[in-house]
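Worksheet: the structure to be examined is printed underneath.
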Number of protein chains: 2
Amino acid sequence: MGKQMTEMLKGTLEGIVLAILAVQPAYGYEITARLRDQGFSDIVEGTVYALLIRIEKRGLVDVEKVPSEKGPPRKVYSLNASGGEYLEEFWGTWGFLAERIDKLQHHIENTQEKGE
Amino acid sequence: MGKQMTEMLKGTLEGIVLAILAVQPAYGYEITARLRDQGFSDIVEGTVYALLIRIEKRGLVDVEKVPSEKGPPRKVYSLNASGGEYLEEFWGTWGFLAERIDKLQHHIENTQEKGE
DNA sequence: CCTAGGTACTCTGCATAACTAACTACCACT
DNA sequence: AGTGGTAGTTAGTTATGCAGAGTACCTAGG
C-alpha cells in the first residue's frame with residue numbers, strides 16, 4: 001500500500017494484533033493470513049513474527065507450543081491481563097488521535113465550502 | 001502522552017501538519033503552538049521543524065521567509081498542488097486504516113457481549 | 001529418491017520518523 | 001548585562017516495519 005501505510009502501521013500494527021488476539025488466541029502464520037484477508041495485503045510475515053516476539057518479551061501475551069499436522073509446531077499466543085490493560089491504553093491513544101484527525105478533516109471540508 | 005502515542009504519530013503527524021497547512025499557511029513555531037492547543041501537548045519543537053524540512057525537500061510545500069517583529073525571520077509554509085495530492089492520498093490511507101481498526105474494536109465489543 | 005510446494009517460524013541489515021537535548025539568533029525589557 | 005519570549009537548527013538515540021534469505025516439517029509427483 002505504499003510508504004504512507006508503512007509509516008502509519010508503526011504503532012498501530014501492534015494494537016491491531018493485540019486486538020486480534022483479544023478475540024481469540026492465534027499463531028503467527030494464522031495472524032498474518034487474517035491480516036491479509038482484512039485488506040492488509042502487503043504486511044510481511046517477518047514483521048508479524050518480530051512483533052509477536054516483542055509483545056511476548058513485554059509480557060503482554062502468553063505462549064503455548066502446539067504441534068501442527070502440516071509443518072513445524074505452532075506458537076499460539078493469547079492475550080493475558082497485562083496485555084488487556086495495554087490494549088485498553090491503545091484504544092485510548094487511538095481514540096484521541098482519530099478524533100483530532102477527523103476534526104481536522106472536517107475543518108478542511110468546511111473551509112473549502114466557504115473559501116474556494 | 002507516552003510511547004504508544006509517539007509510535008502512532010509516525011506517519012500521521014505528517015498528515016496532520018499538511019492538513020493544518022491546507023487550512024492556511026503557517027510557520028513552524030505557530031504550527032507547534034497550534035498542535036499543543038489541539039491536545040498534542042508533548043510534541044517537541046525539533047520534531048515539527050524536522051518534519052517541515054522533510055516535506056519541503058519532497059516538494060509538498062512552498063516556503064517564504066517573512067521577517068518577524070519579535071525574533072528571527074519566519075519560514076512560512078504553504079501547501080502546493082503536489083502537497084494537495086499527497087494529502088488526498090493521506091486521507092485515503094488513513095480512512096482505510098481507521099475503518100479496519102474501528103471494525104476490530106466493535107468486533108471485540110460484540111464478542112465480549114456474547115462470550116464473557 | 002528427490003524436487004516442488006504449502007505450512008510455520010527465524011534472522012540480518014536497512015530506511016524512516018519521532019524524541020532528547022542542546023545550540024544559535026533576534027528582539028524587548030529591566 | 002541578564003532574562004525571557006520568539007524562531008529555527010542540529011547530532012545522536014530508539015523503535016518499528018520492510019526486504020530477503022534461511023531453517024524446519026510434511027505431502028505428493030516424477
Side-chain angles (χ1 to χ4, degrees), chain A residues 1-18 25-36 40-58 60-61 63-77 86 90 93 97, chain B residues 1-18 25-36 40-58 60-61 63-77 86 90 93 97:
Chain A
M1 262 241 133
K3 223 170 24 172
Q4 280 188 341
M5 185 54 97
T6 294
E7 289 308 321
M8 241 182 253
L9 283 173
K10 293 185 181 177
T12 52
L13 184 57
E14 191 176 288
I16 292 171
V17 169
L18 289 175
Y27 55 98
Y29 194 81
E30 190 186 1
I31 294 171
T32 306
R34 218 174 277 179
L35 287 170
R36 296 236 165 98
F40 297 103
S41 47
D42 297 346
I43 285 183
V44 176
E45 282 186 278
T47 298
V48 176
Y49 288 117
L51 191 158
L52 289 170
I53 288 171
R54 222 162 60 219
I55 60 179
E56 181 189 351
K57 276 188 186 155
R58 288 205 204 126
L60 306 178
V61 289
V63 192
E64 198 190 352
K65 274 212 171 167
V66 178
S68 162
E69 307 131 14
K70 297 186 176 183
R74 297 165 173 167
K75 285 176 75 177
V76 175
Y77 294 85
Y86 190 84
F90 172 80
T93 309
L97 186 61
Chain B
M1 262 241 132
K3 217 168 34 167
Q4 280 188 340
M5 185 53 97
T6 292
E7 291 307 321
M8 235 183 258
L9 282 174
K10 292 188 180 174
T12 52
L13 184 57
E14 192 177 286
I16 292 170
V17 170
L18 290 175
Y27 56 97
Y29 194 81
E30 190 186 1
I31 294 171
T32 305
R34 216 173 281 180
L35 287 170
R36 295 235 167 97
F40 297 103
S41 47
D42 297 346
I43 285 183
V44 176
E45 283 186 277
T47 298
V48 177
Y49 288 118
L51 192 158
L52 289 170
I53 288 169
R54 220 163 60 220
I55 61 180
E56 181 189 351
K57 277 188 188 156
R58 289 204 204 126
L60 306 177
V61 289
V63 193
E64 197 191 353
K65 274 211 172 167
V66 177
S68 163
E69 307 129 17
K70 298 186 177 183
R74 297 166 173 167
K75 285 176 75 177
V76 176
Y77 294 85
Y86 190 85
F90 172 80
T93 309
L97 186 62

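Note that these values count all heavy atoms, side chains included, but never hydrogens, waters or copies made by symmetry. The sequence lines fix the lettering, A, B, ..., with proteins before strands; numbering per chain opens at 1.
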Could you state the atom-to-atom distance from [atom1] of [X] to [atom2] of [N] in whole Å?
X       : N      : atom1 : atom2 : value
B/Glu45 : C/dA22 : CD    : P     : 15 Å
B/Glu7  : C/dC19 : CD    : P     : 9 Å
A/Met5  : C/dA15 : CE    : C1'   : 19 Å

Report task. For A/Tyr86 and A/Leu18, work out which heavy atoms get closest and say how close. Result ->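 The pair with the smallest heavy-atom distance is CD2-CD1, 3.5 Å.
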Query raised in the report: Closest heavy-atom contact between A/Ile31 and A/Ala26?
Result: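 Between these two residues, the closest heavy atoms are CG1-CB, 3.8 Å.
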Can you see if the side chain of [X] gets near the phosphate of [N] - specifically, an N or O under 4.0 Å from OP1 or OP2?
X       : N      : answer
B/Lys75 : D/dT9  : yes
A/Lys3  : C/dA17 : no
B/Tyr27 : D/dG8  : no
B/Arg54 : C/dA17 : yes
A/Thr6  : D/dG17 : no
A/Thr47 : D/dC18 : yes
A/Tyr49 : C/dT10 : no

Query raised in the report: Per the end-axis method with five pairs at each terminus, what is the bend angle of the helix from C/dC1-D/dG30 to C/dT30-D/dA1, to 10°?
Result: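 Computed angle between terminal axes is 20°.
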Query raised in the report: How long is the gap from OH on A/Tyr77 to CG on A/Leu52, to the nearest 0.5 Å?
Result: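 Answer rounded to 0.5 Å: 4.5 Å.
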Query raised in the report: Between D/dC18, D/dG8, C/dA17, which nucleotide gets closest to the side-chain atoms of A/Ile43?
Result: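 Among D/dC18, D/dG8, C/dA17, the one nearest the side chain of A/Ile43 is D/dC18.
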Query raised in the report: Which part of the nucleic acid does A/Glu14 contact within heavy-atom distance under 4.0 Å: base, sugar-phosphate only, or nothing?
Result: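 Sugar-phosphate only.
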Query raised in the report: Do the charged groups of A/Lys3 and B/Glu14 touch, with an N to O distance under 4.0 Å?
Result: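 No, no charged N to carboxylate O under 4.0 Å.
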